Amino acid sequence: MGQVFLLMPVLLVSCFLSQGAAMENQRLFNIAVNRVQHLHLLAQKMFNDFEGTLLSDERRQLNKIFLLDFCNSDSIVSPIDKQETQKSSVLKLLHISFRLIESWEYPSQTLTISNSLMVRNSNQISEKLSDLKVGINLLIKGSQDGVLSLDDNDSQHLPPYGNYFQNLGGDGNVRRNYELLACFKKDMHKVETYLTVAKCRKSLEANCTL
């Protein structure tokens, strides 16, 4: 009987610690989702603003080229549709999100055109991407014991965007900015979706459908 009474405080402490860890996990998820939502909205605005500077024929032509081309981050294997996203584990969604954010750390510094707003946004984006990367890594560590952190040695290094755009012709500047902004918008939408689903799963909500 005495042993039972001795175990009760230990169990209560363990319960409180577990609840505290779950609350901290949800807090980190909330911050991560809010940050990527902001980045997605910012990417959408930057893309729309840039499209607004183009003639109708230019927009149509660039859109056709973009549909036939690939984003640099397409080499990162990720769910191809909603069903596959739903079937993916929380850890897998976090790893993919980390890779996508990491793939934009360098090219985000080149999101500059002849527009002071774009230059300020570029600096702001680079900082937010770095913060989000750190946050996702913390979520990965907290999602499963013994998971290795994703440091530089473990990173899947992608070829820099600059190597590709150096080979473009005279209209390369316009095409470069269009594709960078379109790819950035697409990837931020992906990360927002993956983190939202992962957050829902961790909160044990009954319905996490997209």
Side-chain angles (χ1 to χ4, degrees), residues 17-51 71-73 76 78-79 81-112 115 117-144 147 149-151 155-156 158 180-210:
L17 288 175
S18 179
Q19 289 179 345
M23 289 175 63
E24 176 63 13
N25 193 261
Q26 275 300 301
R27 187 184 74 83
L28 290 174
F29 264 113
N30 288 336
I31 293 172
V33 170
N34 287 338
R35 286 184 176 176
V36 75
Q37 284 175 342
H38 178 72
L39 280 167
H40 184 204
L41 288 172
L42 190 56
Q44 180 72 57
K45 184 181 187 308
M46 291 169 70
F47 180 75
N48 290 343
D49 288 348
F50 182 72
E51 269 202 323
C71 292
N72 193 52
S73 56
I76 299 171
S78 59
D81 54 29
K82 291 181 179 180
Q83 286 186 334
E84 193 172 332
T85 300
Q86 296 283 6
K87 292 178 182 177
S88 299
S89 68
V90 168
L91 200 56
K92 181 179 179 180
L93 294 174
L94 289 174
H95 272 285
I96 296 169
S97 297
F98 183 95
R99 298 300 186 204
L100 288 169
I101 294 299
E102 183 181 52
S103 75
W104 278 100
E105 283 191 298
Y106 168 74
S108 68
Q109 299 170 24
T110 67
L111 289 172
T112 56
N115 185 308
L117 176 62
M118 287 287 290
V119 174
R120 290 198 299 273
N121 282 342
S122 177
N123 295 331
Q124 183 185 29
I125 286 170
S126 296
E127 293 174 3
K128 289 184 179 298
L129 286 170
S130 295
D131 288 343
L132 184 55
K133 179 183 169 183
V134 172
I136 294 174
N137 197 26
L138 287 173
L139 288 170
I140 290 172
K141 289 179 180 179
S143 293
Q144 182 177 328
V147 173
S149 64
L150 300 176
D151 54 25
S155 298
Q156 177 182 342
L158 300 174
L180 273 176
L181 291 170
C183 287
F184 183 58
K185 182 184 71 166
K186 185 181 82 168
D187 286 347
M188 291 307 101
H189 176 66
K190 280 185 179 181
V191 176
E192 181 182 355
T193 299
Y194 300 155
L195 291 184
T196 300
V197 171
K199 174 192 169 187
C200 181
R201 295 258 189 83
K202 281 294 185 178
S203 67
L204 301 179
E205 291 183 23
N207 186 2
C208 292
T209 55
L210 295 170

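The structure displayed is predicted, hence computed values, not measured ones.
- Within the model, atoms OG of Ser108 and CG of Leu129 stand 5.0 Å from one another, a figure rounded to the nearest 0.5 Å.
- In this structure, the separation between NE2 on His189 and CG on Leu39 is 14.5 Å, given to the nearest 0.5 Å.
- The closest donor-acceptor contact from the side chain of Asn137 to the backbone of Lys133 lies at 3.5 Å or more, if one exists at all.
- Salt-bridge annotation for Glu102 and Arg99: present, with a side-chain N of the basic residue lying under 4.0 Å from a carboxylate O of the acidic one.
- Ser88 places none of its side-chain heavy atoms less than 4.5 Å from the side chain of Ile96.
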Between Tyr194 and Leu100, does a side-chain contact (heavy atoms from CB on, under 4.5 Å) hold up when you go through it step by step?
CA-CA 11 Å; Tyr194 300 155; Leu100 288 169; 4.0 Å; yes

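- Separating the CG atom in Leu132 from the NE2 atom in His38 is a distance of 11.5 Å, to the nearest 0.5 Å.
- Between Lys190 and Ser78 the shortest side-chain heavy-atom distance falls below 4.5 Å.
- Within the 4.5 Å cutoff, the side chain of Gln26 has heavy atoms near those of the Lys199 side chain.
- Contact annotation: the side chain of Met188 approaches that of Ile101 to within less than 4.5 Å [non-hydrogen atoms, C-beta and beyond].
- The distance from the CD1 atom of Ile140 to the CZ atom of Phe98 is 6.0 Å, given to the nearest 0.5 Å.
- The structure places CG of Leu195 at 8.5 Å from CG of Leu93, a figure rounded to the nearest 0.5 Å.
- Rounding to the nearest 0.5 Å places CD of Gln37 at 13.5 Å from CG of Leu42.
- The side-chain heavy atoms of Ile125 and Lys128, taken from C-beta on, include no pair separated by under 4.5 Å.
- Across Glu84 and Asp81, no two heavy atoms sit closer than the pair N-OD1, 2.8 Å.
- Contact of the Glu24 side chain with the Leu28 side chain is registered, since non-hydrogen atoms from C-beta on lie closer than 4.5 Å.
- Here the side chains of Leu180 and Trp104 are in contact, with some heavy-atom distance below 4.5 Å.
- Between Ser103 and Ile76, some side-chain heavy-atom pair lies under the 4.5 Å cut-off.
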Decide yes or no on side-chain contact (heavy atoms from CB on, under 4.5 Å) for Phe29 and Thr196, but give the supporting numbers first.
CA-CA 8 Å; Phe29 264 113; Thr196 300; over 6 Å; no

